[in-house]
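Data first, discussion second: the structure below is written as structure tokens.
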Amino acid sequence: MRFAILLVLMTFSALGNDTLVIEGLKTGKEEIKYLDWQKKYSEFRIQLMVDDHPNYEKKIKYEGVRFYDFLASKGHKITKDDLIIITCTDGYRPLLKGGYFLDKKAVLAYKEVEPKGRVSQDKRWTKVKMEDEYVTPGPYYLIWPSQKGHKHSWPYQIQKIEIKKE
């Protein structure tokens, strides 16, 4: 198990810790770095306040891109028959049904607007306590404005997103 996690971490560190890989797009595989969101995809950028965050006991404001609209710009409009497979830095791989995204409220966050307290090394995130340690949710975090209607996984430390049909 440790070898598998180490292999995943080595694979992602080779890409750089701020690179997001998206596979299954009609335009092919995309590798997107943090600075690309400001330069190439600025029309999708928004700020989102999360009122009832599942990991923090306070409101958190994020900057990111409208996930549904971004994928649609790449030729892929999410349907209920899609399966979104997320790979996180620690090896966690949640499977999210396409129906979770049809309300177009999901945001792929690439930074917190004003991190406070235990701030990550890259100064983009407030670290969150998970089990016995504080971890950064970055480089990417999939969020919604509220848990209402979205009590499924809110994956963080995202390195790869795959889109498949169920």
Side-chain angles (χ1 to χ4, degrees), residues 5 8-9 12-13 15-22 30-74 78 82 84-163:
I5 290 172
V8 168
L9 291 173
F12 292 135
S13 65
L15 289 172
N17 65 0
D18 72 345
T19 301
L20 175 67
V21 176
I22 303 178
E30 296 268 342
E31 288 186 8
I32 304 169
K33 292 198 173 288
Y34 171 70
L35 292 177
D36 292 338
W37 298 112
Q38 282 88 7
K39 294 177 183 175
K40 296 180 183 176
Y41 305 112
S42 61
E43 71 268 26
F44 302 105
R45 288 174 41 197
I46 65 166
Q47 288 189 353
L48 176 69
M49 178 68 76
V50 178
D51 292 325
D52 59 344
H53 202 289
N55 295 323
Y56 298 92
E57 294 181 1
K58 60 182 180 176
K59 293 181 180 184
I60 303 281
K61 190 178 214 178
Y62 294 97
E63 187 172 305
V65 295
R66 295 179 307 269
F67 190 66
Y68 184 96
D69 293 340
F70 173 73
L71 291 181
S73 78
K74 297 293 181 184
I78 298 174
D82 285 332
I84 311 298
I85 305 163
I86 309 282
T87 303
C88 303
T89 304
D90 64 1
Y92 178 56
R93 278 189 94 210
L95 309 175
L96 299 172
K97 296 179 180 183
Y100 296 152
F101 301 91
L102 296 181
D103 63 5
K104 300 182 182 181
K105 292 182 179 179
V107 170
L108 182 64
Y110 50 76
K111 74 176 191 173
E112 189 178 324
V113 173
E114 293 180 12
K116 293 181 180 90
R118 289 183 168 84
V119 178
S120 63
Q121 190 172 9
D122 62 11
K123 309 282 188 243
R124 293 181 3 212
W125 307 95
T126 299
K127 291 183 177 183
V128 63
K129 188 168 186 176
M130 291 294 160
E131 297 179 17
D132 294 335
E133 65 181 320
Y134 285 90
V135 299
T136 179
Y140 301 97
Y141 193 177
L142 194 56
I143 60 170
W144 284 263
S146 171
Q147 290 185 68
K148 187 175 181 180
H150 293 288
K151 292 205 180 264
H152 47 73
S153 178
W154 289 32
Y156 59 88
Q157 295 183 339
I158 298 172
Q159 294 285 317
K160 183 177 179 182
I161 298 172
E162 299 171 76
I163 305 156

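Quick caveat: nothing in here was measured; it's all calculated off a predicted structure.
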Is the [X] ring parallel, tilted or perpendicular to the [Y] ring (thresholds 30°, 60°)?
X: W37; Y: Y110; result: parallel
X: H150; Y: W144; result: parallel
X: F70; Y: F44; result: perpendicular

For [X] against [Y], the heavy-atom pair lying closest together:
X: K129; Y: E131; result: CE-O, 3.4 Å
X: K127; Y: S120; result: CE-CA, 3.9 Å
X: I143; Y: V50; result: CD1-CG2, 4.0 Å
X: V113; Y: E63; result: CG2-N, 4.0 Å
X: N55; Y: H53; result: N-ND1, 3.0 Å
X: P139; Y: D18; result: CB-CA, 4.0 Å

Taking [X] for the side chain and [Y] for the main chain, is one N or O donor matched with an acceptor at less than 3.5 Å?
X: Q147; Y: D52; answer: yes
X: Y140; Y: Y34; answer: yes
X: T126; Y: K116; answer: yes
X: T136; Y: W125; answer: no

From [X] atom [atom1] to [Y] atom [atom2], the distance as rounded to the nearest 0.5 Å:
X: M130; Y: D90; atom1: CE; atom2: CG; value: 10.0 Å
X: Y92; Y: I86; atom1: OH; atom2: CD1; value: 9.5 Å
X: E30; Y: I161; atom1: CD; atom2: CD1; value: 11.5 Å
X: K105; Y: D103; atom1: NZ; atom2: CG; value: 5.5 Å

Take S146 and D51, measure what side chain to side chain donor-acceptor pair (under 3.5 Å) needs, and give me the verdict at the end.
-> CA-CA 6 Å; S146 171; D51 292 325; over 6 Å; no
Hey, is NZ on K58 packed in by over 12 heavy atoms from elsewhere, all under 6.0 Å?
->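 Check passes, neighbour count above 12.
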Neighbour count >12 (heavy atoms, 6.0 Å) for atom NZ, K97 |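 No, the 6.0 Å shell around NZ holds no more than 12 heavy atoms from other groups.
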Polar contact flag, side-chain donor to acceptor under 3.5 angstrom, S73-Y41 =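 Judged by distance alone, the side chains do not pair up.
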T19 and K33: side chain donor to acceptor below 3.5 Å | yes
Would you sort out whether Y141 and I60 count as a side-chain contact (heavy atoms from CB on, under 4.5 Å), showing the intermediate values?
-> CA-CA 12 Å; Y141 193 177; I60 303 281; over 6 Å; no
For L142 and I84, what are the C-alpha separation, side-chain angles and deciding distance, and is it a side-chain contact (heavy atoms from CB on, under 4.5 Å)?
-> CA-CA 11 Å; L142 194 56; I84 311 298; 5.6 Å; no
Do L108 and L20 have side-chain heavy atoms sitting under 4.5 Å apart?
->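 They are in side-chain contact.
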Do L96 and P155 have side-chain heavy atoms sitting under 4.5 Å apart?
->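 Touching, per the 4.5 Å side-chain cut-off.
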Passes side-chain contact (heavy atoms from CB on, under 4.5 Å), V128 versus V135? Steps please.
-> CA-CA 5 Å; V128 63; V135 299; 4.0 Å; yes
Between K104 and R66, is a side-chain contact (heavy atoms from CB on, under 4.5 Å) present by the stated rule, with each step listed?
-> CA-CA 7 Å; K104 300 182 182 181; R66 295 179 307 269; over 6 Å; no
Who pairs with R93 by salt bridge (charged side-chain N to carboxylate O under 4.0 Å, His left out), at least two apart in sequence or on another chain?
->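 Partners of R93 by the salt bridge (charged side-chain N to carboxylate O under 4.0 Å, His left out) criterion, ordered by chain and then number, come out as E162.
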Can E114 and K61 be said to form a salt bridge (charged side-chain N to carboxylate O under 4.0 Å, His left out), step by step?
-> CA-CA 7 Å; E114 293 180 12; K61 190 178 214 178; over 6 Å; no
